[in-house]
Q: 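I have a structure here, written as structure tokens, and I will follow up with some questions on it.
Just so it is clear, the values below take in all heavy atoms, side chains as well, and ignore hydrogens, waters and symmetry mates.
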Amino acid sequence: MTSATSRVTPSASTVVQTGPVANMIAVASGKGGVGKTWLSIGLATAFAQLGQRALLFDGDLGLANVDVQLGLVPEYDLGGVLQGRYALETAAQTVESCGFSVIAGRSGSGNLAALEPPRLGRLTADLSQLSERYDRVLLDLGAGVDRTVRFLASRAKTCLVITSDEPTAMTDAYAFIKLLTMSNTGADLRVVVNMAGDRAEGERTYATLRKACENFLKISPPLAGIVRRDPYVREAIRHQAALLVRHPNTPAAQDIEAIARQLVKP
């Protein structure tokens, strides 16, 4: 195990700024409540089932809950990394039931959500280096469009923007897409419609968001997939288990598997 005995915060001049990482996928949303975290867990599980070495990074720095949804009690977490007590790689633990690794956040540490740029830059540089050990690295980002969320999203080559058919969800997804494209015109943004009543409803939701992007941003983010509303999702969350492990043949599980297969295509 690697540990640190001092807390060193690098100056802005010493931080190595890295570009988008090819195997890194950010999972973002304009607002909370659209199922971003359980979908991230589902994708990580699907990648593992496809034979991919997958890492799920809980990037919701102030309201982390990946560990809660998986029933984990992590000995090491991102909070300890940011305090300089141990290296980022030490915080990565294997979720045996799912076959992927996870770096848990620390819920309730609101100060972590407002990291100063040098520390945030060092964290993403360390994560980029750690990503070389994996085939896919998923960043489960916090809801909203604050600086930390946008910075982490910009480090991923692909960003999945999760929305539902609720007007507020679509409005906030549009706001996220707008702000990210303003700072990164080459961003690979793709839309996932979650909790759709059926595929036709999901297609309509996507069409509404795409039309707004085409009219006002002059871009047309592609559809990564539609995940149908499924009562087994809530049941799996209540039992702190991944949907694809507890209920692998349900509609939502099949939809997530389809998205994962599309993402691993060369």
Q: Which pair of non-hydrogen atoms, one from A54 and one from A44, has the smallest distance, and what is that distance?
A: CB-O, 4.0 Å

Q: Which is it for I256 and L244 under the side-chain contact (heavy atoms from CB on, under 4.5 Å) test, yes or no, and what are the steps along the way?
A: CA-CA 9 Å; I256 291 176; L244 274 72; 4.2 Å; yes

Q: In Å, rounded to the nearest 0.5 Å, how long is the span from CD of E89 to CG of L55?
A: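 Here the interatomic distance stands at 11.5 Å.
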
Q: I'd like to know if the side chain of T94 and the backbone of E96 have a donor-acceptor N/O pair within less than 3.5 Å.
A: no

Q: Rounded to the nearest 0.5 Å, what separation is found between the OG1 atom of T205 and the CE atom of M170?
A: 5.5 Å

Q: Enter the distance from E235:CD to H247:NE2 here, rounded to the nearest 0.5 Å.
A: 3.5 Å

Q: What is the minimum heavy-atom distance between P221 and L189, and which atoms define it?
A: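 Looking at all heavy atoms of both residues, the shortest contact is CB-O, 3.7 Å.
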
Q: Hey, any chance L127 and V27 share a hydrophobic cluster, counting ILVMFWY side chains that come within less than 4.5 Å of each other, even indirectly?
A: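 In one cluster with L127: V27, no.
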
Q: Are there more than 12 heavy atoms of other residues, nucleotides or ligands under 6.0 Å from atom CD of Q254?
A: yes

Q: Less than 4.5 Å apart, any side-chain heavy atom of L243 and any of Y232?
A: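 Sidechains of Y232 and L243: in contact.
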
Q: Between T45 and I41, is any pair of side-chain heavy atoms under 4.5 Å apart?
A: yes

Q: Using every non-hydrogen atom in the two residues, find where F176 and G144 come nearest and quote the distance to one decimal.
A: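 Heavy atoms of F176 and G144 come nearest at CD1-O, 3.8 Å.
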
Q: Can you confirm whether K157 sits close enough to V21 that some side-chain heavy atom of one is under 4.5 Å from a side-chain heavy atom of the other?
A: no

Q: I'd like to know if the side chain of T171 and the backbone of T168 have a donor-acceptor N/O pair within less than 3.5 Å.
A: no

Q: Among the clusters formed by ILVMFWY side chains lying less than 4.5 Å apart, do F151 and L82 turn up in the same one?
A: yes

Q: With the side chain counted from C-beta on, respond yes when L160 and L43 share a heavy-atom pair under 4.5 Å apart, and no when they do not.
A: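 SC-SC contact between L160 and L43 confirmed.
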
Q: Taking E201's backbone N and O only, do any of them form a donor-acceptor pair with D198's side chain (distance below 3.5 Å, no angle check)?
A: yes

Q: Once rounded to the nearest 0.5 Å, what's the spacing between atom CZ of R246 and atom CD1 of I237?
A: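 Result: 12.0 Å between the selected atoms.
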
Q: When you measure from the side chain of Y86 to the backbone N and O of D77, does any donor-acceptor pair fall under 3.5 Å?
A: yes

Q: So, do F57 and L130 sit near enough that their side-chain heavy atoms are less than 4.5 Å apart?
A: no

Q: Can W38 and N65 be said to form a side-chain contact (heavy atoms from CB on, under 4.5 Å), step by step?
A: CA-CA 10 Å; W38 81 259; N65 61 4; over 6 Å; no

Q: Determine whether I103 and L56 make a side-chain contact, defined as any pair of heavy atoms from C-beta on separated by less than 4.5 Å.
A: no

Q: Quick check for you: to the nearest 0.5 Å, what is the distance between I162 atom CD1 and K31 atom NZ?
A: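 Reported value, rounded in 0.5 Å steps: 13.0 Å.
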
Q: Quick one: CD on Q49 to CZ on R261, what's the gap to the nearest 0.5 Å?
A: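 Those atoms lie 10.5 Å apart.
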
Q: Using the side chain to side chain donor-acceptor pair (under 3.5 Å) rule, collect all pairs that involve residues 209-228, keeping only residues at least two apart or in two chains.
A: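 Only E214-S220, R228-D255 qualify under side chain to side chain donor-acceptor pair (under 3.5 Å).
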
Q: Considering residues at least two apart in sequence or located in another chain, which fulfil the side-chain hydrogen bond (donor to acceptor under 3.5 Å, both in side chains) criterion with R190?
A: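 Result, side-chain hydrogen bond (donor to acceptor under 3.5 Å, both in side chains) vs R190: D188.
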
Q: A side-chain contact here means heavy atoms from C-beta on lying under 4.5 Å apart; do C159 and L180 qualify?
A: yes

Q: Check N194 against G35 and note the closest heavy-atom contact, atom names and distance.
A: ND2-CA, 3.7 Å

Q: Side chains of T37 and D140: any donor to acceptor distance under 3.5 Å?
A: yes

Q: So, does Q93 use its side chain to make a donor-acceptor pair with the main chain of Y76 at under 3.5 Å?
A: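 It does not hold such a pair.
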
Q: Taking C-beta and beyond as the side chain, do F47 and L138 meet within less than 4.5 Å on heavy atoms?
A: yes

Q: Given the rule that I, L, V, M, F, W and Y join up when any side-chain heavy atoms are under 4.5 Å apart, are L78 and V137 in one cluster?
A: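 Yes, it is one cluster - the side chains of L78 and V137 are joined through contacts under 4.5 Å.
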
Q: On the six-membered ring of Y134, is R136 placed so that its NZ or CZ lies under 6.0 angstrom from the centre and within 45° of the ring axis?
A: no

Q: Would you say K36's side chain and L141's backbone share a donor-acceptor pair under 3.5 angstrom?
A: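 Pair found, side chain donor or acceptor close to backbone of L141.
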
Q: Can you give me the closest heavy-atom contact between G59 and L152, atom names plus distance?
A: O-CD1, 4.0 Å

Q: Checking L263 against I25 for the side-chain contact (heavy atoms from CB on, under 4.5 Å) test, could you report, in this order, the C-alpha distance in whole Å, the side-chain angles of both residues, the deciding distance, and whether it holds?
A: CA-CA 9 Å; L263 289 170; I25 301 169; 4.1 Å; yes

Q: Same cluster or not: L179 versus L209, using hydrophobic residues (I, L, V, M, F, W, Y) connected whenever any side-chain heavy atoms lie under 4.5 Å apart?
A: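 Same cluster: L179 reaches L209 through Ile, Leu, Val, Met, Phe, Trp or Tyr contacts under 4.5 Å.
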
Q: Is Y174 reachable from L223 through a run of hydrophobic residues whose side-chain heavy atoms are each under 4.5 Å from the next?
A: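 Yes, L223 connects to Y174 through the hydrophobic network.
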
Q: Between T250 and D230, does the side chain to side chain donor-acceptor pair (under 3.5 Å) criterion hold? Intermediate values first, please.
A: CA-CA 7 Å; T250 57; D230 187 337; 3.2 Å; yes

Q: By the salt bridge (charged side-chain N to carboxylate O under 4.0 Å, His left out) test, which pairs, at least two apart or in different chains, include something from residues 41-61?
A: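 Checked against salt bridge (charged side-chain N to carboxylate O under 4.0 Å, His left out) - neighbours excluded - the pairs reaching residues 41-61 are R53-D135.
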
Q: Work out which heavy atom in A252 is nearest to a heavy atom in V227; give both atom names and the distance.
A: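 Closest approach of A252 to V227: CB-CG1, 3.9 Å.
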
